[in-house]
There are 2 protein chains.
Amino acid sequence: MTASTDDRFIEAMGAIAQAEGTPRIAGQIVGYLALAGEARSLTDIASGLGVSKASVSTNVRMLEARGQAIRESRTGSREDHWRVLPPPHEGMLSAMSDRFLRHAERIEALAQAMPPGADGKRETVHGFAQFYRSASELLHDWSVSARREATAADPVPQTSGT
Amino acid sequence: MTASTDDRFIEAMGAIAQAEGTPRIAGQIVGYLALAGEARSLTDIASGLGVSKASVSTNVRMLEARGQAIRESRTGSREDHWRVLPPPHEGMLSAMSDRFLRHAERIEALAQAMPPGADGKRETVHGFAQFYRSASELLHDWSVSARREATAADPVPQTSGT
DNA sequence: CAATTCGTTAAATCTGGACTGAACGAAGTG
DNA sequence: CACTTCGTTCAGTCCAGATTTAACGAATTG
């Protein structure tokens, strides 16, 4: 019955991911790999979560692009193996940061295109752009510091020690 | 043709809202009210955006719950009037903060329920909870400071000055 | 008190995007 | 060189949730 608490955690991670606007399966994968502690093959993940390999392939590459998971190509096997690096959250933060930066640039471009009338609209729009820009910076800085902390005191389980 | 840049801003705000996992119309409303600078009735908003009053009603109340918009019940008219308060972003931050706090509590409860085995799983799960908790706190602090800054130097257009 | 207008709710519809199944190319393996 | 296995892609399905239409209660006005 020890699998039950694991499953509940994986389930919760999926729900949270969904609430944050990312695919449910992406969250489940992070939970699964975090609990595993070591790298797992795409097939393992798919059967472990009871979803199609196609879904895992898609989502695990999305996680890779975000820096939340890394691919390990072992020499012996031609299977790819995947692990989350501590903390897996860091990637989430930089994804957020990137998103906000895009928002900032998009809005700022619109502000520039606005007539500089006395109604203050252009300043209002500029204010929005400014907000997104500082949000992006804040998140970026934090993701860096979070990574540093985690690297300092690493409480992550590894099957094979140093 | 000056309405065109306004529309593009409103459009962009809707797209961003959608990208952040909230209803498109909610973002459009924020954009509309921010440009308006003063309070607008529900009917105004609906016709201004070309959407149903039901949608506006639903979304504007969601914004109110988040603190991104406030309702003004004028004595003379029985219409409700709505405005965004500067900065409207602050509500978005506290919404995020709340969400992360819920995540933290949910995960922490699971961590407590986990067997304290030597595999370090419980610590891993606890780490996730910790992450969400500090994220929540960071966002909360920032939303407060953002509000303070905006209140200090208020560049918001008001039709009726002090 | 009838008539109008406002805001909300409930049911129905519509749509974006997650997920799957099947097919394909690449890379080993015998 | 046939055969198996792996990962990806593509077309199709499915579903959550956003939006709308219609109907309702409350408030206002004459």
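Per chain, numbering begins at 1; letters A, B, ... match sequence-line order.
If you measure from atom CG of Asp80(B) to atom C1' of dT8(C), you get 11 Å, rounded to the nearest angstrom. As a whole-Å value, the separation of Leu42(A) CG from dC6(D) P is 10 Å. Between the CD atom of Glu79(A) and the P atom of dG28(C) there is a distance of 13 Å, given to the nearest Å. Going from atom CG of Leu49(B) over to atom P of dA18(D) covers 17 Å, rounded to whole Å. To the nearest angstrom, P of dT19(D) lies 15 Å from CD1 of Ile45(B). One interatomic measurement links the two molecules: CD of Glu20(B) to C1' of dA18(D), which rounds to 17 Å at whole-angstrom precision.
Within 6.0 Å of the CD atom in Glu11(A), the count of heavy atoms belonging to other residues, nucleotides or ligands does not exceed 12. Residue-environment remark: NE2 (His81(A)) exceeds the threshold of 12 foreign heavy atoms within 6.0 Å.
When only modelled atom types and interatomic distance are considered, Ser94(B) and Ser143(B) share no side-chain donor-acceptor pair under 3.5 Å. A side-chain N or O of His103(A) and one of Glu20(B) form a donor-acceptor pair less than 3.5 Å apart. Residues His126(A) and Gln112(A) bring no donor and acceptor atom of their side chains to less than 3.5 Å of each other. For the residue pair Asp7(A) / Ser4(A), no side-chain donor-acceptor distance below 3.5 Å is found, with atom types taken as modelled.
Comparing dG7(C), dG7(D), dT20(C) against the side chain of Lys53(B) picks out dG7(C) as the nearest.
For the segment residues 55-69 of chain A, the set of residues with a heavy atom within less than 4.0 Å of an atom of DNA chain D comprises Ser57(A), Arg61(A), in numerical order. Listed in residue order, the members of residues 23-32 of chain A having a heavy atom less than 4.0 Å from DNA chain C are Pro23(A), Arg24(A), Ile25(A).
For Thr43(B), a side-chain nitrogen or oxygen approaches OP1 or OP2 of dG7(C) to under 4.0 Å. At the phosphate of dC6(C), neither OP1 nor OP2 sits under 4.0 Å from any side-chain N or O atom of Arg71(B).
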Next on the checklist: For a salt bridge (Lys or Arg N to Asp or Glu O under 4.0 Å) check, start with the C-alpha distance between Glu64(B) and Arg66(B), then their side-chain angles and the critical distance, and finish with the verdict.
Outcome noted: CA-CA 5 Å; Glu64(B) 183 183 34; Arg66(B) 289 188 184 174; over 6 Å; no
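Not counting sequence neighbours, the partners of Phe128(B) by the ring-ring contact (aromatic ring centres under 6.0 Å, His included) test are Phe9(A), His89(A).
For the atom pair CG of Asp6(A) and OH of Tyr32(A), the computed distance is 10.0 Å after rounding to the nearest 0.5 Å.
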